[in-house]
Trainee: 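Dropping a structure here in structure tokens format, bear with me for questions.
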Amino acid sequence: MDYKKIVAERIKQLVELDIETIENLIEIPPKPEMGEFAFPCFQLAKTMKKAPNAIANDLKEKIETEGFEKIECFGPYVNFFLDKGAFIKATIEKILKDGENYGSSKMGEGKNMIVEYSSPNIAKPFHVGHLFTTVIGSSLYKILSFEGYNCTGVNHLGDWGTQFGKLIYAYKNWVDEETLEKEPIKELLRIYVKFHEEAETCPALNDEAKMYFKRLEDGRAEEVQLWTKFRDLSLVEFKKLYETLNVKFDSYAGESFYCDKMEDVIADIEAKGLLVESNGAKVVMLDEYNIPPCIIKKSDGATIYATRDLAAATYRKKTYDFHKNIYVVGKDQALHFKQVFTTLKLMGNEWADDCVHVPFGTVRFADKKLSTRKGDVIFLDELLSEAVAKTLEIINVKNPELENKEEVAKKVGIGAIIFTYLKNHRERDIVFNWEEMLSFDGETGPYVQYTYARAKSILRKVEENSNGIISDVELDYNKLNSKEEFELVKQLEGFQNSIMYAIDKLEPSMVTRYVIEVAKSFNKFYNQHNIANLEDESNKKAKIKMVEATCQVIKNALNLIGIEVVDRM
Ligand code: ARG
């Protein structure tokens, strides 16, 4: 139930403002003693030609109070106090009834969404930046799907471009097949780096590389076969990572997929009179928009990254008729997307306005050792294994008796990394710090997962104590009358609201922040109230329902950010 809406509707019956304006004006009072919602009357003063305090008083007298404990004035504000018992009952019952679907809706029904994320480059390591897009994108995909949008998750692999000419040359000259079988990406990276080193002293290598890329573009068997090999080997490694992270895609249409789709787009650009010559290259001028031209073809006739993006967006519109086409890509590519979207718009595509770049910040490591161990590259599989190993160490100290420790360490360790990425506004830079992100207190993944496990253990304990005897006393939600309980249930009720913010801002951190607050509220309750030893059965039963509801909400919220819960840790 949306209580804010109810409040707005009650007010609407009495004043000359539309419902949206009223909803925007409604505030959450700073103290619980002032109720749950407050409506300020300043804006009405002008039209009603009356002092705000007097208006507030009038409204208070006339408003229908049903469903509220009381309605009061605080100066120019009308404050609404929820009928706590009824609110708590309705909220908990709804959560338990909806279960895994609590928080979901049909709001996106009939709308197709493209969410593009991860998009690593073939034959190059998957780096921490790629992990950032992967977790944000995967979370947005889950959140949007939860609200009924029809999502297509796209992995726009970097699997085309002149670098493949270099790689083919490098492969033919320096590859070590044995290492390639065992650690394909590391070996491909090694020979790729070697190519650049060698080309420093022998620039002719660049011409060789160009020749090989040309042969690849022309579809020559040997080059195509090598390219396929690089792509397949890389994908095997990427897919392992996705499995560990529980990330899925509906399409792996990367850059190469658009090879045969670029000519149409280029022809279209030309037909619209947008293609001009500049230093031998073909470009679309964007001076009017104060940005550099969008290069369509280089002077040697080769297409580039931007050309493939123009073809990709056009293809996506045709194939999926998207409502929004979302690109989760680092903020260093902001200009690129501006150029691509502006060009699409100039071509007369109104839908260019539905293409959205969702940028994010950079990632650094507090622990210098880690970031410099292998040049500047951090191998993600190592990062994840380290998180799991460190978590296992912590569990071995805290709870050495725990069963299936490895499995728990995996969920918690990987969850900790995902949580770190999604904890703050995505454009904020992140500094990884092991100690901080693996800590069981503070705003961390392990803290929230621990809270869940703790709540589950209460439920187990109650069950054990009861020896299977169920009393027939009716549960009574009115017994949940402490400040901590009301605060907790209010939090639980706000789940969908946090999802709406997340969608509005394309910001999964709204859900992460939310689940942190739920965990905090639960722990406040936990520290004040003992359930297992409670004599009053009607109270105990109500509290149990509340704990069950809390578990459900934490589970649903963590699920949306890609983290699994554990019952014990
Ligand atoms: N492969 C690129 C990179 O690793 C990211 C691709 C972004 N997506 C796009 N449609 N341009 O930097």
Side-chain angles (χ1 to χ4, degrees), residues 113-138 140-141 151-164 166-167 185 188-189 192 227 230-231 234-235 237-239 241-242 247 249-259 261-262 265 291 294-296 303-320 322 324-345 349 351-352 354-363 376-380 421 426-427 506:
M113 286 282 197
I114 303 278
V115 188
E116 188 213 287
Y117 49 102
S118 201
S119 309
N121 300 319
I122 294 300
K124 298 230 186 105
F126 193 107
H127 56 67
V128 286
H130 287 125
L131 185 56
F132 211 160
T133 135
T134 307
V135 297
I136 293 175
S138 172
L140 286 176
Y141 181 97
C151 295
T152 303
V154 180
N155 193 334
H156 188 81
L157 292 173
D159 59 1
W160 204 249
T162 46
Q163 71 270 27
F164 287 96
K166 297 176 186 170
L167 212 52
I185 297 190
L188 290 172
L189 180 69
Y192 186 69
W227 171 82
F230 301 153
R231 191 178 190 272
S234 301
L235 267 182
E237 286 209 22
F238 294 155
K239 284 185 176 165
L241 268 176
Y242 295 140
V247 165
F249 299 92
D250 301 300
S251 158
Y252 277 89
E255 292 185 47
S256 68
F257 181 75
Y258 301 101
C259 286
K261 297 171 182 65
M262 282 183 285
V265 176
I291 45 177
C294 185
I295 302 174
I296 306 296
T303 57
I304 65 159
Y305 183 55
T307 330
R308 291 188 277 282
D309 260 325
L310 292 169
T314 310
Y315 172 85
R316 290 177 190 174
K317 184 64 195 175
K318 239 189 266 164
T319 312
Y320 305 102
F322 55 72
K324 288 263 158 19
N325 175 21
I326 296 167
Y327 298 80
V328 185
V329 183
K331 60 183 166 197
D332 53 331
Q333 296 196 30
L335 176 61
H336 163 75
F337 285 108
K338 229 185 220 168
Q339 291 170 313
V340 169
F341 299 163
T342 311
T343 302
L344 288 169
K345 190 75 190 275
N349 302 306
W351 51 261
D354 303 325
C355 296
V356 197
H357 176 210
V358 172
F360 51 83
T362 58
V363 188
D376 261 342
V377 189
I378 296 151
F379 289 94
L380 216 60
Y421 275 112
R426 56 181 152 72
E427 289 194 59
L506 296 174

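All values reported here derive from a predicted model rather than from experimental measurement. Remember, it's 1-based here, ligands and their atoms both numbered in the order they're listed. Reckoned from all heavy atoms, side chains included, excluding hydrogens, waters and symmetry mates.
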Trainee: Can you tell me if Arg308 contacts ligand 1 (heavy atom of the residue under 4.0 Å from the ligand)?
Mentor: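 It does not, in that no heavy atom of Arg308 comes within the 4.0 Å cut-off of ligand 1.
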Trainee: Test your reading of the model: is there a side-chain donor-acceptor pair from Lys324 to the backbone of Val356, 3.5 Å cut-off?
Mentor: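 A pair under 3.5 Å: no.
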Trainee: At a 4.0 Å threshold, what atoms of ligand 1 neighbour a non-hydrogen atom of Asp309?
Mentor: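 With Asp309 as reference, the close atoms of ligand 1 come out as 9 (C), 10 (N), 11 (N).
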Trainee: Classify the ring geometry between Phe341 and Tyr327 as parallel (under 30°), tilted (30 to 60°) or perpendicular (over 60°).
Mentor: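 Ring orientation of Phe341 relative to Tyr327: tilted.
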Trainee: Examine distances only and state if a side-chain atom of Ser256 and a backbone atom of Trp160 form a donor-acceptor pair shorter than 3.5 Å.
Mentor: no
Trainee: Mind checking whether Tyr258 contacts ligand 1 via backbone (N, CA, C, O), side chain (CB onward), both or neither, at a 4.0 Å heavy-atom cut-off?
Mentor: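 No part of Tyr258 comes within reach of ligand 1.
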Trainee: What protein heavy atom sits nearest atom 1 (N) of ligand 1, and how far away is it?
Mentor: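 Sorting protein heavy atoms by distance from atom 1 (N) of ligand 1 puts Asn121 OD1, 2.7 Å first.
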Trainee: Is the Tyr252-Phe257 ring centre distance short of 6.0 angstrom?
Mentor: no
Trainee: Can you name the atoms of ligand 1, numbered from 1 with element, that are less than 4.0 Å from a heavy atom of Phe337?
Mentor: 9 (C), 11 (N)
Trainee: Just need the protein heavy atom nearest to atom 8 (N) of ligand 1, so name the residue and atom and give the distance.
Mentor: Glu116 OE2, 2.8 Å
Trainee: To which protein heavy atom is atom 12 (O) of ligand 1 closest, and what is the distance rounded to 0.1 Å?
Mentor: Gln333 NE2, 3.1 Å
Trainee: Does Val329 offer a backbone N or O that forms a donor-acceptor pair with the side chain of His357 under 3.5 Å?
Mentor: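 The answer is yes, because a donor-acceptor pair under 3.5 Å joins these two groups.
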Trainee: Out of all atoms in ligand 1, which are within 4.0 Å of some heavy atom of His130? Include the element for each.
Mentor: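 Every atom of ligand 1 under 4.0 Å from some heavy atom of His130: 3 (C), 4 (O).
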Trainee: Go through ligand 1 atom by atom and flag the ones less than 4.0 Å from a non-hydrogen atom of Val329.
Mentor: 7 (C), 8 (N)
Trainee: Look only at interatomic distance and state if Tyr327 has a nitrogen or oxygen under 3.5 Å from any nitrogen or oxygen of ligand 1.
Mentor: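 No, since none of the N or O atoms of Tyr327 sits under 3.5 Å from an N or O of ligand 1.
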Trainee: With atoms numbered from 1 as shown, which atoms in ligand 1 lie under 4.0 angstrom from a non-hydrogen atom of Tyr305?
Mentor: 2 (C), 5 (C), 6 (C), 7 (C), 8 (N), 9 (C), 11 (N)
Trainee: Look only at the side chain of Ser138 and the backbone of Val135, and say whether a donor-acceptor pair between them is shorter than 3.5 Å.
Mentor: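 Not at all, since once roles are kept as given, no pair shorter than 3.5 Å links the two residues.
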Trainee: Taking the six-membered ring for Trp and the single ring otherwise, decide whether the centroids of Tyr421 and Phe360 are under 6.0 Å apart.
Mentor: no
Trainee: Check for a donor-acceptor pair, side chain of Asn349 on one end and backbone N or O of Leu344 on the other, with a separation under 3.5 Å.
Mentor: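 Here the side-chain-to-backbone pair exists.
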